[in-house]
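Numbered from 1 within each chain, the chains take letters A, B, ... in sequence-line order. Only this structure's heavy atoms are used, side chains among them; waters, hydrogens and symmetry mates stay out.
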Amino acid sequence: MTTKATAAIAANRFGLGARPGELAKIGSPSDWLKQQLQGAPPLLVAADLKSAVQVMEGAAEIAANVRELGGDGREDLKKIAADETDPVAAQQARQQIIANRLPKYFLPIYQADAAARLRNAVATDRPFVERLVHFWSNHFAVSVDKVAVLGLAGCLEREAIRPHVLGNFADMLLAVEKHPAMLQFLDNQLSIGPNSPTARLAKQRQAANPQRRQLGLNENLAREILELHTLGVDGGYTQTDVTNFAKVITGWSLGGGPYQLNRQSDGVRPGAFVFRAAIHEPGAQTVFKKRYAQDGVQQGEAVLRDLALAPQTARHLAVKLARHFIADDPPAAVVERLTQTYLKSGGNLPAVYAALIDSPEAWSDEPAKFKTPTDYLVSLHRGLAIPLPAQAPQAIASLNVLGQQQFRPGSPAGWPDRSADWDGPAAVLKRIELANSLAQRLGNSRDARALSSQLLGDTLTEATRMSVDRAESGMQALTLLLTAPEFMRR
Amino acid sequence: MTSLDRRHFIKQCGLGGAGALITARYAFAGVERTDRRFVCVILRGALDGLAAVPPHGDPDYVRLRRELAIAAPGQTDGALPLDRTFGLHPALGFMHESYLAKELLVLHAVASPYRERSHFDGQDVLENGTTVAHSSQTGWLNRALGVLPKSTTHGREAGVALGQNVPLVMRGPAAVASWAPSTLPNLSDDTMQRIADRYASDPFLGARLADALATDAIATEAQGDEDMGDMGDMKKRPASASVKSNPAPRTNAAYVETVRTAAGFLKRDDGPAVAVFDTSGWDTHANEGGGQGQLATRLGALDGALRILREQLGTTWQQTAVLVVTEFGRTAATNGTRGTDHGTGAAAFLLGGAVAGGRVVADWPGLSAASLHEGRDLRPTTDLRSVMKGVLADHLGIASGALDSEVFPQSGSVKALRGLIRA
């Protein structure tokens, strides 16, 4: 095994796959990567992409129409509620109508965002930065199997990840935890401080009427911030830390709850972050050995800023970054280097990325990582210089087949990032079939022999070169190139 | 994965959109009486002519071919008799019937002008109709469409290409229709075999692929015959899962659909005069087999497809000529992996009701050491362009001047083989 910085490794291991002619233009591989870190944050703007507030305003409108029985809401209500004069039945029916309509409203919004991120990945001139966007987006995963985030997952990436991917981790952390997608994904808008004004009022009412529901904490977001977003599962926090942190972030909410969407409710635009003092647990809290006495939203912000700079967080992020770019079990020296750089720079992400680029271990000539389905698909389209299908549902459909539906990892832990999670037998066969389909479609319009060195550079093995050379047709040669081990891995 | 799943897969992929895969965009215009039909079938990968048309009467044949030699007629898995020197591979039952009905003409020791051994370049020369690879972006058959005489009538488009892509031979200024089978672009066994070969040096991926194919085979068998339609003996699927012992074509369904559709186009009065389709998987470097085995299965599938073509064409078969060609032949001797490597002289077939068949056309050079081209290949004695010119002239009525210049540029010295078509 040797380690040498080459254009092919830069484009394939750090990027999203070489495009024809790209390797020849890469001078110094590490300079090429570092230059991508310069300049504006990699925002993604397009006419068909909505902001979270726009998405939620649309949802609020749907809900309001149903509540006011405007439009066709009355017809739906008649169908569902046997007796629309019964207020309880009518209310339940209305909720049912809203629940039926929202997914249909969210779906095209989701599809547009999922397609846009893939198209951007295929077209970008800063593939390393785009890989980092995907990395952080997966670090702060939401999953669209929860309908409440179906229309917001793309917004989270565009509004909270992209602006900070070349900035400071603490800023990204705060933006994410305040985003309506994350708040709803992990239920924080439902979490109510047990001693908050609202809870105390509820307690009094409950004394009079024991049937009433008790209001209380929901630890979901607090736990995942500690376990997944910052310290890591072995970060040394306790259950008391989780509970206390959950109290700290009570009141972190959004305008318009998921199914109580009402534009007029409190003057806050649906989908906008709002701190609701009425449900916030008052008083100082101790989290991870430190006492926080701040009032209001500043209390949670202070905890997050401290968590961002904890050595445990630094190590957790260093391991994940190194695992993503280098190997399932990354070399300890790299993890240590990234950790120290992170701490010394105060969580400055470009400094950490630069340390990664400067790590010789990252340039091993043995490709240790199996591409994820997304990265495989993107590298196919970059390598063949063909765009994704024009319609959003078609553009994202092949990833459903390959097993990585965009923004749907199924868990707040995000997609797993070890090769074994992606290289199962059926997965390998599906990639082969996809490559074959694309090759059949392109016919002999691509010269696989020329393309092999253009895409794989000096990582092209003699075995693959011979396999491509000896193919019985241009199409077959292309399939053999796109299924070669060095194209499957990076 | 079953073929049903495969279709599902492609639908999900959205690759079927934009007309890329499922294009039945053929439209017919003027209704005119068309007599002559021509089908060109390209076998990509270099068909082993010495297996398809074994020269069992050649004294050197068995010595060179050893265990791959096709036995003489009358023996177990022996050749189907043609004449004293040649037979047909035993898998070519329909071809043999056609021969006996004087509707098959067998050509041997033929070759395009190409004398190197690259598939890509060889196919390019075979299709571009010149003597140099990549010297033309258009194909000889398309250029022929441009000079069709009025007597050879056809619909709006004179030609149709059946397959995912229009092959080079049919590309050019003349408008052609294209149609692709609605089934998925299946991975051919050969492509899968090559991927498996490449993964041989990557034990991890190799094992993964073997596992996936084992599952695939079970799923295919579970699916049974339902999906295979009336494909006769082509529907047999192997029970074995490994690529190495799984030579049955994975492409039969698409093959049959292609042939049926070709026939559907050609038998219409207002249809195209010319159709082209290609098949792959003929590059038999290892475990080629003899009377049975990998190549036998493939030849059987081709033979079955041609039989279906004849059946589907009905009476149109009487006005039809089908030319089956490959880019070059294979080595005269068996190689070290019970296969054959890229060679030169090849076999070709011309069949159909319009063909003056029932004979072998070959200026046989022999297989003695001294006769072999570069000491290893069957020496070509007939330029394939002569055959093509003969068919284009006598079947489609194209003037020899056009054949010598436009269709096959600067080929005046290559004379058309006459008498291939019934008068």
Start with the C-alpha gap between A/Arg449 and B/Ser118, add the side-chain angles, then the distance that decides, and say whether side chain to side chain contact (heavy atoms under 4.5 Å, CB included) holds. CA-CA 12 Å; A/Arg449 289 174 293 186; B/Ser118 150; 3.9 Å; yes

Output the option from B/Arg44, B/Arg117, B/His119 having the highest count of non-hydrogen pairs under 4.5 Å with chain A. B/His119

Closest non-hydrogen atom pair, B/Glu327 against A/Glu472: OE2-O, 4.3 Å

Examine whether an atom of A/Ala471 lies under 4.5 Å from a heavy atom of chain B, and if so say whether it belongs to the side chain, the backbone or both; otherwise answer neither. both

Check this for me: does any side-chain nitrogen of one of B/Asp197 and A/Arg470 sit under 4.0 Å from a carboxylate oxygen of the other? no

Counting only non-hydrogen atoms closer than 4.5 Å, does A/Thr464 touch chain B with its backbone (N, CA, C, O), its side chain (CB onward), both, or neither? both

At what distance, to the nearest 0.5 angstrom, does CD1 of B/Ile195 lie from CD1 of A/Ile432? 4.5 Å

Proximity breakdown for A/Asp447 and chain B, heavy-atom pairs closer than 4.5 Å: neither

Please check if the number of heavy atoms outside B/Arg338 that lie under 6.0 Å from its CZ is greater than 12. no

Taking every non-hydrogen pair under 4.5 Å, which of A/Arg489, A/Gln391, A/Met466 racks up the most with chain B? A/Arg489

pair B/Arg208-A/Phe370: side-chain heavy atoms closer than 4.5 Å: no

Max heavy-atom pairs within cutoff under 4.5 Å with chain B, candidates A/Ala463, A/Pro485, A/Ala477, goes to A/Pro485

Does the side chain to side chain contact (heavy atoms under 4.5 Å, CB included) test come out yes or no for B/Arg198 and A/Thr483, once each step is laid out? CA-CA 9 Å; B/Arg198 174 62 190 88; A/Thr483 58; over 6 Å; no

Applying a strict 4.5 Å limit to non-hydrogen atoms, the region of B/Asp121 in contact with chain A is side chain

Is the CD atom of B/Gln137 crowded by more than 12 outside heavy atoms at less than 6.0 Å? no

Mind checking the CE-CD spacing from B/Met192 to A/Glu433? Nearest 0.5 Å is all I need. 6.5 Å

Roughly how far, to the nearest 0.5 Å, is CE of A/Met488 from OH of B/Tyr199? 3.5 Å

Worked verdict on A/Ser467 versus B/Arg194 for side-chain hydrogen bond (donor to acceptor under 3.5 Å, both in side chains): CA-CA 7 Å; A/Ser467 160; B/Arg194 286 163 191 260; over 6 Å; no

The interface call for B/Asp124 against chain A, heavy-atom contacts under 4.5 Å, is neither

Let me see the working for A/Gln440 and B/Leu187 under side chain to side chain contact (heavy atoms under 4.5 Å, CB included), right down to the final yes or no. CA-CA 9 Å; A/Gln440 299 268 338; B/Leu187 271 159; over 6 Å; no

Toward chain A, the part of B/Asp283 with a non-hydrogen atom under 4.5 Å: both

